[in-house]
Amino acid sequence: MKKYTSLTEIQGKLAQKQLTLNELLAYYLDQIDKHQHLNAFNEVFFSSARKQAEVVQAKLDRGQAGKLAGMVIGIKDNICYQDHIVTASSKMLESFVAPYSSTVVKRLLAEDAIIIGRLNCDEFAMGGSNETSYFGTVKNAADEERVAGGSSGGSAVAVQADMCLAALGTDTGGSVRQPAAFCGNIGFKPTYGRISRYGVIAYASSFDQVGTLTSSVSDAALLLEVLAGADENDSTVASIPVPSYTTSLTTSSGKKKIAVLRETVESEALDQETKNEILKAIEKIKADGHDVVEVSFDLLDYLVPTYYILTTAEASSNLSRYDGVHYGYRNTQAQSLNQLYKSSRAEGFGEEVKRRIMLGTFVLSAGYYDAYYQKAQKVRRLIREKVVALLQDCDVLISPVAPTPAFKIGENVQDPLVMYMADIYTVLASLAGIPAVALPLGNNQQGLPLSIQLMAKHFDEETLLSLSHSFLEKA
Ligand code: GLN
């Protein structure tokens, strides 16, 4: 079977009876089997996926199937699916069974998607290389000595190596966009508040968003259409009506004003080939008739510190529930309650998660709250205001996704600061809460995928998707 790059193709085959859902599922299961060494899946949901394939095939035969019939999708292992294990790739939740389904899973199933399994990620989504997972590193299919990116590394590789058509990830500071960039797929992070976080294991709640990893923009649009919109279980979701993103892919195109963030492309840290390809892409966008200008963004140096102060603070609070009593791994030898808490947390969490909990509790502690946490909140406001002002004059912002293509496994793992600095281009959209997408730009000389990032106004996913669609179509 050939690699399908969009649901439209699959649905065409299903409609013409040239393909059944059983065959399609068997194909992806076979792909998973062949690529086991990449370590993308924490678990394959054989039985529930097969059952769902049967149910949906029957609906297709009756002509009553939902919008996502034919979509075989993987979910990041921090998204709850009732009666299935969900671990956040942590020893802490190794055998935790989700008692209910997240809103995103419910919406996928209601439109007849088949959920094929849960995908490896950095522990509690903390990381940018998938090396902090309790279940081991995910390998990049373009070069198995290199990282997949993170934290949604399994999601990116599953799509890259054709183990499923699409995947859900979560993006707090780039975790959908950066692995998509490293693996050559499309990573879409919507506006904060566009998609419900109900049933998604929290990292930093004022940043976390569910996003998609796909091979086509049309699949990203369709998934967003299904997943977005108000949810009575998550009050941070906006009640703004959900447009038909798939229709607007072609109808809302037209001339756009696009601003390149000068400091991001001119930064010394940016890999030369990545920069060249981004400049070429900008020329192409100009040639397509869009108005491209350069603007200055002078807050670049503040992005990473602000992001790490605020997200670790939120994480230290969110992760306090994993204490061996409320939730999670329990040390059974402890002699006192205090000892139980201490040893359960010491043994259940990995090193990076502990580092962040400690940093987070530090910036929130009485003596440092004003100097770090509160100050970072003010800087976040400043960043957001600057971004909103820039987007008053233009429709889209352009920057790189990551300073380099996928790096070698083990290369950055000893130096958290190097790893954190690599998030410099993606955390901007997360701090401001705006939608952003990573789009593939082909491969470099070594065969490693390169990428460009587009960002738009709050809740203007339509512009982002239609521009991405026309950009990649003309590639
Ligand atoms: N790499 C970033 C971090 O470690 C982003 C993670 C994410 O978006 N979940 O925090």
Nearest heavy atoms of [X] and [Y], plus distance in Å:
X	Y	result
Val437	Ser468	CG1-OG, 3.6 Å
Leu431	Arg380	O-NE, 2.9 Å
Asn42	Ser89	ND2-OG, 3.1 Å
Ser205	Arg197	O-CZ, 3.4 Å
Gln82	Pro99	NE2-O, 3.3 Å
Val401	Ser451	CG2-OG, 3.3 Å

Interatomic distance, [X] atom [atom1] to [Y] atom [atom2] [nearest 0.5 angstrom]:
X	Y	atom1	atom2	value
Ile195	Thr212	CD1	OG1	7.0 Å
Thr20	Leu14	OG1	CG	8.0 Å
Asp77	Ile85	CG	CD1	9.0 Å
Leu223	Ile73	CG	CD1	4.5 Å
Glu461	Ile434	CD	CD1	10.5 Å
Ile115	Ser101	CD1	OG	7.0 Å

Checklist entry - Is there a side chain to side chain contact (heavy atoms under 4.5 Å, CB included) between Phe188 and Leu464 once you walk through the steps? => result CA-CA 9 Å; Phe188 193 87; Leu464 212 49; 3.9 Å; yes
Item to check | Stepwise side chain to side chain contact (heavy atoms under 4.5 Å, CB included) check, Leu261 with Ile398 | outcome: CA-CA 6 Å; Leu261 297 176; Ile398 284 186; over 6 Å; no
Item to check | Any residue meeting side chain to side chain donor-acceptor pair (under 3.5 Å) with Gln209, in chain and number order, not counting sequence neighbours | outcome: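 If we apply the side chain to side chain donor-acceptor pair (under 3.5 Å) test to Gln209, skipping adjacent residues, there are no hits.
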Item to check | Option among Asn120, Val413, Ile409 that satisfies the side chain to side chain contact (heavy atoms under 4.5 Å, CB included) test with Thr137 | outcome: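 Result: among Asn120, Val413, Ile409, Ile409 is the only option passing the side chain to side chain contact (heavy atoms under 4.5 Å, CB included) with Thr137.
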Next on the checklist: Go through it in stages, so that I can follow the logic: the residues are Asp208 and Val200, the test is side chain to side chain contact (heavy atoms under 4.5 Å, CB included), and I'd like the CA-CA distance, side-chain angles, deciding distance and then a yes or no.
Outcome noted: CA-CA 9 Å; Asp208 298 343; Val200 178; 5.9 Å; no
Side chains of [X] and [Y], heavy atoms from C-beta outward: is any pair under 4.5 Å?
X	Y	answer
Gln57	Leu60	yes
Lys139	Val157	no
Thr172	Glu314	no
Gln453	Thr264	no
Ile10	Val72	no
Ser152	Pro179	yes
Leu168	Ser155	no
Asp122	Ser133	no

Item to check | Ser430 side chain to Lys189 side chain, donor-acceptor N/O pair below 3.5 angstrom | outcome: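 The answer is no; no qualifying pair exists.
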Side chain to side chain contact (heavy atoms under 4.5 Å, CB included) partners for [X], two or more places apart:
X	value
Ser48	Phe45, Tyr81, His84
Thr8	Ser6, Ser218
Glu268	none
Asn444	Glu273, Pro405, Gln446, Leu448, Leu450

Exam field: side chain [X] to backbone [Y], donor-acceptor pair closer than 3.5 Å:
X	Y	result
Asn331	Leu340	no
Asp234	Ser196	no
Lys3	Ala161	no
Lys408	Glu145	no
Glu277	Asn443	no
Glu131	Gly410	yes
Gln160	Asn185	no
Asp112	Ala69	no
Thr191	Gly193	no

Checklist entry - Can you pull the ring-ring contact (aromatic ring centres under 6.0 Å, His included) pairs that have at least one residue in residues 102-130, sequence neighbours excluded? => result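 Sorted pair list: Phe124-Tyr322, Phe124-Phe349.
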Checklist entry - Got a sec, which pairs hit ring-ring contact (aromatic ring centres under 6.0 Å, His included) with one end in residues 2-32, sequence neighbours left out? => result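 Every pair satisfying ring-ring contact (aromatic ring centres under 6.0 Å, His included) with a residue in residues 2-32: there are none.
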Checklist entry - What residue pairs, at least two apart or across chains, pass side-chain hydrogen bond (donor to acceptor under 3.5 Å, both in side chains) with a residue in residues 411-427? => result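 Listed by first then second residue: Ser267-Tyr425, Tyr308-Asp423, Glu352-Tyr420.
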Next on the checklist: Working note: Glu351 + Arg355, criterion salt bridge (Lys or Arg N to Asp or Glu O under 4.0 Å); need CA distance, chi angles, decisive distance, verdict.
Outcome noted: CA-CA 6 Å; Glu351 208 177 304; Arg355 179 180 295 120; 3.6 Å; yes
Taking distance alone, no hydrogens or angles, what donor-acceptor pairs closer than 3.5 Å link side-chain atoms of residues 90-97 to residues at least two apart or in another chain?
from	atom 1	to	atom 2	distance (Å)
Ser90	OG	Met92	N	3.0
Ser90	OG	Glu123	OE2	2.7

Checklist entry - Any Lys/Arg nitrogen of Lys51 or Glu54 sitting under 4.0 Å from an Asp/Glu carboxylate oxygen of the other? => result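 A salt bridge is absent here (no side-chain N lies under 4.0 Å from a carboxylate O).
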Checklist entry - Does Lys13 come within less than 4.0 Å of Glu9, counting only side-chain N to carboxylate O? => result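 Result for this pair is no, no salt bridge flagged.
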Checklist entry - When you look at Leu319 and Arg356, which way does the side chain to side chain contact (heavy atoms under 4.5 Å, CB included) test go after all the steps? => result CA-CA 10 Å; Leu319 271 61; Arg356 294 194 190 200; over 6 Å; no
Sequence neighbours left out, what passes ring-ring contact (aromatic ring centres under 6.0 Å, His included) with [X]? Give chain and number order.
X	result
Phe362	Tyr368, Tyr372
Tyr341	none
Phe407	Phe182

